[in-house]
Chemist: 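Can you keep this structure in mind? I'll have questions shortly.
Reminder, nothing fancy here: chain letters follow the sequence lines and each chain counts from 1.
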Amino acid sequence: MPAKRRTQSSSRPRPPRRGAGADPFADVVAQLEAIERGDGEGELRLPGDVTLRVTSLAKPYFPGDGITKGDLMRFYVRVAPVLLDAIADRPLVLRRYPGGIDGPSFHQHDPGDNTPDGVRVEEVVVQRGEPAERRLVGGPVDEPGVALATLLYTVQLGTIPVNVWHSRVGSIASPDYAVLDLDPDPKAGFAGVIAVARLVHDALARRHLASAAKTSGSRGIHMLIPLPGGSSFDDAASLAEEIASEVATEHPEMATVERSLDERRRGTVYVDHLQNAAGKTLAAVFSVRARPHATVSTPITWRQVTTTLQPERYTIRTVTRQRDSLMTRWRSLMG
DNA sequence: GGTCCCC
DNA sequence: GGGGACCAACGCCTC
DNA sequence: GAGGCG
């Protein structure tokens with residue numbers, strides 16, 4: 001059973017707050033709470049006359065933390081003002097955990113032929129010269145009902161992390177960022193990740209390149225480097241390789257680009273530059289990870305990239321409390 | 001988690 | 001209506 | 001082509 005939840009004195013949705021903190025989907029949160037308090041099954045009414053059937057909302061997805069499928073859906077609705085922008089027009093790759101994080105999981109690209117009305121499916125040219133394939137695609141920014149339905153449908157299927165392509169339909173061959181994934185050896189720990197992140201940041205700054213950082217939600221940091229329009233995956237891959245190799249060459253005690261676990265020097269941080277390719281995905285900002293405590297990929301500032309930063313402190317619960325400032329932060333980092 | 005098929 | 005079988009990725013690297 | 005890796 002889910003953990004005991006505070007009973008609300010009223011089922012009335014909270015009035016939206018003003019400014020950046022406005023909560024345009026408070027009513028959807030309230031609907032999810034009502035359905036979960038009932039038998040866990042129901043029909044969500046979303047903006048633009050879109051509806052979505054949801055089931056099993058009381059099912060524990062993070063059993064050690066009392067976090068249910070309904071809690072996961074509500075979290076995504078609460079960060080939707082930024083998350084929907086981040087995934088708009090991007091093909092989605094599902095990783096489904098139908099029994100929660102302690103059960104089996106599997107990947108899914110093809111959404112099948114029977115997706116509900118209101119959920120966005122597009123024919124996407126996955127590989128140049130190959131026939132287009134059906135893919136779930138993050139809803140367009142000007143259709144919040146479709147965008148929300150598509151996101152929540154993936155969760156309805158048991159998806160936990162929101163994994164998206166680096167490019168968007170309409171310019172599917174052009175990633176809008178390059179990514180470096182900093183992943184510490186167990187001996188390196190997060191202090192090592194922070195040190196290497198600063199080195200990467202400096203290497204980029206020397207080239208007058210901006211970057212944005214977020215916790216991966218796991219043990220590392222994702223660094224995103226916005227690219228000019230029209231950049232290719234080759235452009236992204238070669239930039240990422242150049243930066244990663246430079247840092248690893250200059251600081252072999254701290255950083256490595258060696259992919260083999262056996263060959264990787266202990267105590268180093270793996271600077272993974274190989275994810276810049278068509279069809280590869282990254283956990284979006286505010287994606288929840290299928291890990292204990294429901295950790296969240298959370299924007300961080302350079303002032304915060306210090307040894308006091310503890311990535312495991314960013315969870316569904318803590319990020320919900322700070323969401324207004326965190327959403328504002330990501331908007332200022334990525335425009 | 002969803003779908004299809006068969007009892 | 002219930003139960004059971006079956007389905008659900010991929011790119012890039014090194015060897 | 002297989003296996004490792006993410």
Chemist: Taking any heavy-atom pair under 4.0 Å as a contact, classify A:L94: base, sugar-phosphate, or nothing.
Modeler: nothing
Chemist: Expressed in angstrom and rounded to an integer, what is the separation of A:Q275 atom CD from C:dG11 atom C1'?
Modeler: 8 Å
Chemist: Mind checking if A:R264 touches a base, just sugar-phosphate, or nothing, with heavy atoms under 4.0 Å?
Modeler: sugar-phosphate
Chemist: Could you check which of B:dT3, C:dA9, B:dG1 has an atom nearest any side-chain atom of A:H107?
Modeler: C:dA9
Chemist: Indicate yes or no: at least one non-hydrogen side-chain atom of A:V54 is less than 4.5 angstrom from one of A:E36.
Modeler: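 No; the side chains remain at least 4.5 Å from each other.
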Chemist: Nearest whole angstrom, please: distance from the C1' of C:dA9 to the CG of A:L282.
Modeler: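 Atom-to-atom, A:L282 to C:dA9, this comes out as 17 Å.
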Chemist: How far, in whole Å, is C:dA9 from D:dC5 if one measures between their C1' atoms?
Modeler: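 So the two C1' atoms sit 14 Å from each other.
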Chemist: Where the side chain of A:K69 is concerned, which of C:dC10, B:dG1, D:dG6 is the nearest nucleotide?
Modeler: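 Taking heavy atoms from C-beta onward, the closest nucleotide is B:dG1.
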Chemist: Give a yes or no answer on whether the side chain of A:R219 reaches the backbone of A:D183 with a donor-acceptor pair at less than 3.5 Å.
Modeler: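 Side chain of A:R219 to backbone of A:D183, a donor-acceptor pair under 3.5 Å: no, none is there.
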Chemist: Using only heavy-atom distances, determine whether the side chains of A:T256 and A:R264 contain a donor-acceptor pair under 3.5 Å.
Modeler: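 Distance-only check fails for A:T256 and A:R264.
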Chemist: Does OP1 or OP2 of C:dA9 have a side-chain N or O of A:K280 closer than 4.0 Å?
Modeler: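 No, A:K280 has no side-chain N/O under 4.0 Å of OP1/OP2 on C:dA9.
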Chemist: Ignoring hydrogens and angles, state whether a donor on the side chain of A:S297 or A:K214 is under 3.5 Å from an acceptor on the partner side chain.
Modeler: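 Indeed, the side chains of A:S297 and A:K214 share at least one donor-acceptor pair under 3.5 Å.
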Chemist: Rounding to an integer number of Å, can you tell me how far A:N163 CG sits from C:dA9 P?
Modeler: 14 Å
Chemist: Do A:R259 and D:dG6 share a donor-acceptor pair, side chain to base, under 3.5 Å?
Modeler: no
Chemist: Can you tell me how far C1' in C:dA8 sits from the matching atom in B:dT3, rounded to whole Å?
Modeler: 12 Å
Chemist: Which nucleotide wins on minimum distance to the side chain of A:Q108, given the candidates C:dA8, B:dG1, C:dC13?
Modeler: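 The nucleotide sitting nearest to the side chain is C:dA8.
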Chemist: Does any non-hydrogen side-chain atom of A:P299 lie less than 4.5 Å from one of A:Y314?
Modeler: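 Sidechains of A:P299 and A:Y314: no contact.
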Chemist: Counting only side-chain heavy atoms from C-beta out, which of D:dG4, D:dG6, B:dG1 sits nearest to A:L261?
Modeler: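 Of the options given, the side chain of A:L261 lies nearest D:dG6.
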Chemist: What is the ring orientation for A:H166 with A:Y177, classed by angle as parallel under 30°, tilted 30 to 60°, or perpendicular over 60°?
Modeler: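 Geometry flag for A:Y177 against A:H166: perpendicular rings.
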Chemist: Identify which nucleotide among C:dA8, B:dG1, C:dG11 has an atom closest to any side-chain atom of A:F106, counting heavy atoms from C-beta outward.
Modeler: C:dA8
Chemist: NA contact type, A:R95, heavy-atom cut-off 4.0 Å: base, sugar-phosphate, or nothing?
Modeler: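 The answer is nothing, as A:R95 stays clear of every strand by at least 4.0 Å.
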Chemist: What's A:D183 touching, base or sugar-phosphate or nothing? Going by heavy atoms closer than 4.0 Å.
Modeler: nothing
Chemist: If you check the A:D110 side chain, which of B:dG2, C:dA9, C:dC13 turns out closest?
Modeler: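 Nearest to the side-chain atoms of A:D110, counting from C-beta on, is C:dA9.
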Chemist: Go through B:dG2, D:dG6, C:dC12 for me and flag the one nearest to the A:A277 side chain.
Modeler: C:dC12
Chemist: Distance check needed: C:dC12 P versus A:E241 CD, whole Å only.
Modeler: 14 Å
Chemist: Report the nucleotide, chosen from D:dG6, D:dC5, B:dG1, that has the shortest atom-to-atom distance to any side-chain atom of A:S260.
Modeler: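 Nearest to the side-chain atoms of A:S260, counting from C-beta on, is D:dC5.
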Chemist: For the pair made of CG in A:L180 and P in D:dG6, what is the distance, rounded to whole Å?
Modeler: 15 Å
